[in-house]
**Student:** 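Can you keep this structure in mind? I'll have questions shortly.
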Amino acid sequence: MTEITLSIKGLRKRIGKREIIKGLDFELKSGEVFGFLGPNGAGKTTTIRMLVGLIRPTAGSIHVCGYDVKRDFVKAMSHLGCIVENPELYPYLTGMENLQHFSRMIPDFDSKHLEYVVKLVRLQDRINDPVKTYSLGMRQRLGIAQALLGRPKVLILDEPTNGLDPMGIREMREFIRFLAEKEGLTVLVSSHLLSEIQLMCDRVAVISKGRVIKVDTVSNLLNFQEQLVWKVTPVEKGRKLLQTATSVILDEEKQLVTPLSENSSVWNRMLVENGVEVHEIQRKVPTLEDLFLELTGGESVE
Amino acid sequence: MNKLIHNEMLKIIRKRKLIVVIAIMAVLISLFTYAQFREVQRQIEKLGDVDWRTTLQQQIVDTQNRLTSSGISDEWKAQLQIRVQQQQYYLDNNINPAEPGAPTFVRSFAQESITLFVPLLIMIVAADIVSSERSAGTVKLLLTRPVKRWKILLSKYVALLLSISIIVVLMGLLAYVISGVVFGFGGWKAPILTGFTSIGGELNTSHVQLIDQWQYILMEFGLVWFVAIVVGTLSFMLSVLLKSTSASMGVMLAALIAGLILSNLVSSWQSAKYLFMINLDLTGYLAGSSPPVPGMTLLFSIGVLAVWAVIALFVSFSVFVRQDVY
């Protein structure tokens, strides 16, 4: 299960004089959902377009299941399925005709797989209607069906929940987890929505201004940042006492924030013994938003 | 490859491009037929109620009389003989020369439509064959399949060639059927003059020959087909280069209309003869009309058009294969 399915080395892209992607390196394993997180304009879409062969990298290499996208395009692509931006299908064809259209582009396609894929995305009832009558959620599902036609090992989804309603977002999330866990696919998901990545990914690469700032598991990144929030009176006295033991920040709501520590019970006793009332001690799991702001030095996120 | 071409034909047909083209052809051919019909009516009224066979018989006798008289040049004699042959044919086959049959209509229709009408119809199909995929974003799905890019473009080009062939054949059939209802379906073997060449502004009739109308129509449609492919290939290139369908249509239309205007202006601008739009009137060479720039011949024009088409194909493929798709 730890087979490396997608590997990117020293990827760069220059357009004119501007270097948009300044050297990306990461590897994806089978069965994992990998988040690709960054604000708009960080280079997510450009990177994804290079991964799927729409844009030629200026330097660096991309391997899908060991095949170089540049040199072995056909073999690399036969292991990869993708949706780049919105799933733009042919609106004047039916869902089935769209899928048949793309299946004709796959060598030795087994038509039984078509039915399986339609069932997988639960479009059986509407598959013979023209795509122009589909809702956005259905188009998104048809887009995924299209990406799964070639039995890919790597699935690349650019902003898969863009424009979906909360119900649709949840469905999509579950579906992506299902593909990774049950089908063993590698799924690369890009997003500018931090909460989304947090909920669906195993690992995440944080990207900003064409560079990867950090690659780690979601839980590691969160642990790294966990904090304790103290609600005490009087605040000033409590702060002074805590400062003797650890670093303290006074937040906007007049609460004291300290790093998570095993000594918290000791600090608590110290406060109580010195006549400070402790109303509440709360463990705070920071959102990726907090993390992102810290990692990028306050660069704005949507 | 067959599957890819199947895909492209499916898209052309389901986008109703061919239907639109056929509908336009049907409407306009009906219109032209009606105009022709009115013209014929006017001529019949002018002649009165004299039987046209009597008139024709009289004309043949007159011409034969002139042939026997001395003092006319050999060249003139040859022309008169051809005229007699034509008139005799009409008489023998019971065809009123003032009332053309469907083949005559088809012949003159092909001749008139080669410079603008046919290119216009071809543009409808060709101009958006690549650019529509780009503006709709479907090109991203198309180019991320395990198929090399040149194969995808080639399948589109083959589909275009098929559509062009269908359009040209259907144009002939529609023109024949629609006009045939009004004018009758006969006249395939009517003799037609061809082989005029113009040298130094004077008509040279030394290679003139009489051929059957069906042969003439066949040659015409061969030329129409060739022009359609050249115009289709150029539109195809624009469709690859420009992202919007309307832009590529606009450029092509401007070029075609500029060609029509220039054809009447450029007789002293020698190098204009290398422009493709000046060379589109291939059927004019068959009919013997004088070319826009003196010295242009049928083979020259075919050559110029072929070179333009080959360059356009080369540009299309080399751009499409390398292009970054955003």
Side-chain angles (χ1 to χ4, degrees), chain A residues 13-15 20 45-46 48-58 64 67 69 72-94 97-109 130-132 142-143 146-147 149-152 154 156 158, chain B residues 1-21 124-125 128-159 163 240 243-245 317-326:
Chain A
K13 178 67 184 178
R14 184 191 296 276
I15 295 178
I20 300 175
T45 299
T46 308
I48 283 181
R49 287 181 185 220
M50 285 195 278
L51 296 185
V52 300
L54 289 173
I55 301 181
R56 300 174 151 222
T58 313
V64 180
Y67 296 110
V69 169
D72 256 331
F73 181 78
V74 172
K75 277 184 183 157
M77 283 300 130
S78 60
H79 293 291
L80 186 139
C82 62
I83 305 179
V84 181
E85 287 178 330
N86 304 318
E88 282 117 347
L89 294 133
Y90 300 103
Y92 48 87
L93 299 178
T94 66
E97 282 172 326
N98 265 291
L99 293 182
Q100 284 166 342
H101 171 272
F102 290 111
S103 73
R104 277 192 286 268
M105 301 181 81
I106 298 164
D108 307 321
F109 183 76
V131 169
K132 59 184 167 210
L142 188 63
Q146 158 281 127
L149 276 178
R151 301 171 192 273
V154 181
I156 294 180
D158 192 6
Chain B
M1 197 66 207
N2 282 339
K3 286 180 178 177
L4 296 182
I5 296 167
H6 177 177
N7 277 348
E8 296 307 326
M9 283 312 289
L10 174 81
K11 283 184 264 180
I12 291 176
I13 289 164
R14 292 301 299 276
K15 255 195 285 184
R16 307 219 169 87
K17 289 279 162 191
L18 279 182
I19 300 289
V20 167
V21 170
I124 294 175
V125 177
D128 85 333
I129 200 161
V130 179
S131 57
S132 69
E133 302 261 9
R134 276 159 69 70
S135 50
T138 44
V139 70
K140 288 177 288 185
L141 293 176
L142 219 51
L143 296 185
T144 51
R145 304 293 118 181
V147 179
K148 288 220 160 75
R149 281 193 187 187
W150 67 263
K151 280 191 182 170
I152 290 171
L153 195 63
L154 184 62
S155 68
K156 282 192 173 293
Y157 188 64
V158 172
S163 311
V240 170
K243 207 171 177 180
S244 101
T245 304
F317 275 87
S318 49
V319 169
F320 189 77
V321 166
R322 286 197 202 125
Q323 189 170 54
D324 281 352
V325 179
Y326 291 97

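Below, chains carry the letters A, B, ... as their sequence lines are ordered, and counting in each starts from 1. Note that the structure is predicted; figures quoted are calculated from it, not measured. Reckoned from all heavy atoms, side chains included, excluding hydrogens, waters and symmetry mates.
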**Student:** List the atom of A:Val84, the atom of B:Lys140, and the distance in Å for their closest heavy-atom pair.
**Tutor:** O-NZ, 3.5 Å
**Student:** Could B:Asp324 and A:Arg49 be called an ion pair, given the rule that one side-chain N must be under 4.0 Å from one carboxylate O?
**Tutor:** no
**Student:** Looking at residues at least two apart in the chain, or sitting in another chain, which of them share a side chain to side chain donor-acceptor pair (under 3.5 Å) with A:Ser78?
**Tutor:** none
**Student:** Taking the side chain as everything from C-beta on, heavy atoms only, tell me whether B:Lys3 gets closer than 4.5 Å to A:Met105.
**Tutor:**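 Counting from C-beta outward, B:Lys3 and A:Met105 never come under 4.5 Å.
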**Student:** Under 4.5 Å heavy-atom distance to chain B, tell me which part of A:Tyr90 shows up: side chain, backbone, both or neither.
**Tutor:** both
**Student:** How about B:Leu142 and A:His101: do any of their side-chain heavy atoms sit closer than 4.5 Å?
**Tutor:**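 Sidechains of A:His101 and B:Leu142: in contact.
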**Student:** Output the distance between atom CG (A:Leu89) and atom OG1 (B:Thr138), rounded to the nearest 0.5 Å.
**Tutor:**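 Reported to 0.5 Å precision, the distance equals 8.5 Å.
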**Student:** Given a strict heavy-atom distance threshold of 4.5 Å, which part of A:Pro107 is in contact with chain B: side chain, backbone, both, or neither?
**Tutor:**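 Just the side chain, heavy atoms under 4.5 Å.
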**Student:** With rounding to the nearest 0.5 Å, note down the distance linking NZ in B:Lys15 to OH in A:Tyr92.
**Tutor:** 4.5 Å
**Student:** Could you name the residues of residues 143-152 of chain B that have a heavy atom within less than 4.5 Å of a heavy atom in chain A?
**Tutor:**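 Near chain A, by residue number: B:Leu143, B:Thr144, B:Arg145, B:Pro146, B:Val147, B:Lys148, B:Arg149, B:Ile152.
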**Student:** Name all residues meeting the salt bridge (charged side-chain N to carboxylate O under 4.0 Å, His left out) criterion together with B:Glu133; count only those two or more places apart in sequence or in a different chain, and write none if there are none.
**Tutor:**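 For B:Glu133, the residues satisfying salt bridge (charged side-chain N to carboxylate O under 4.0 Å, His left out) (neighbours in sequence not counted) are B:Lys11, B:Lys156.
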**Student:** With heavy-atom distances below 4.5 Å as the criterion, would you say the side chains of B:Leu10 and A:Arg104 are in contact?
**Tutor:** yes
**Student:** Output all residues satisfying side chain to side chain donor-acceptor pair (under 3.5 Å) with B:Arg134, sequence neighbours left out; order by chain, then residue number.
**Tutor:**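 Applying side chain to side chain donor-acceptor pair (under 3.5 Å) to B:Arg134 gives none.
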**Student:** At a heavy-atom separation under 4.5 Å, does A:Leu149 approach chain B through its side chain, its backbone, both, or neither?
**Tutor:**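 No part of it gets close to chain B.
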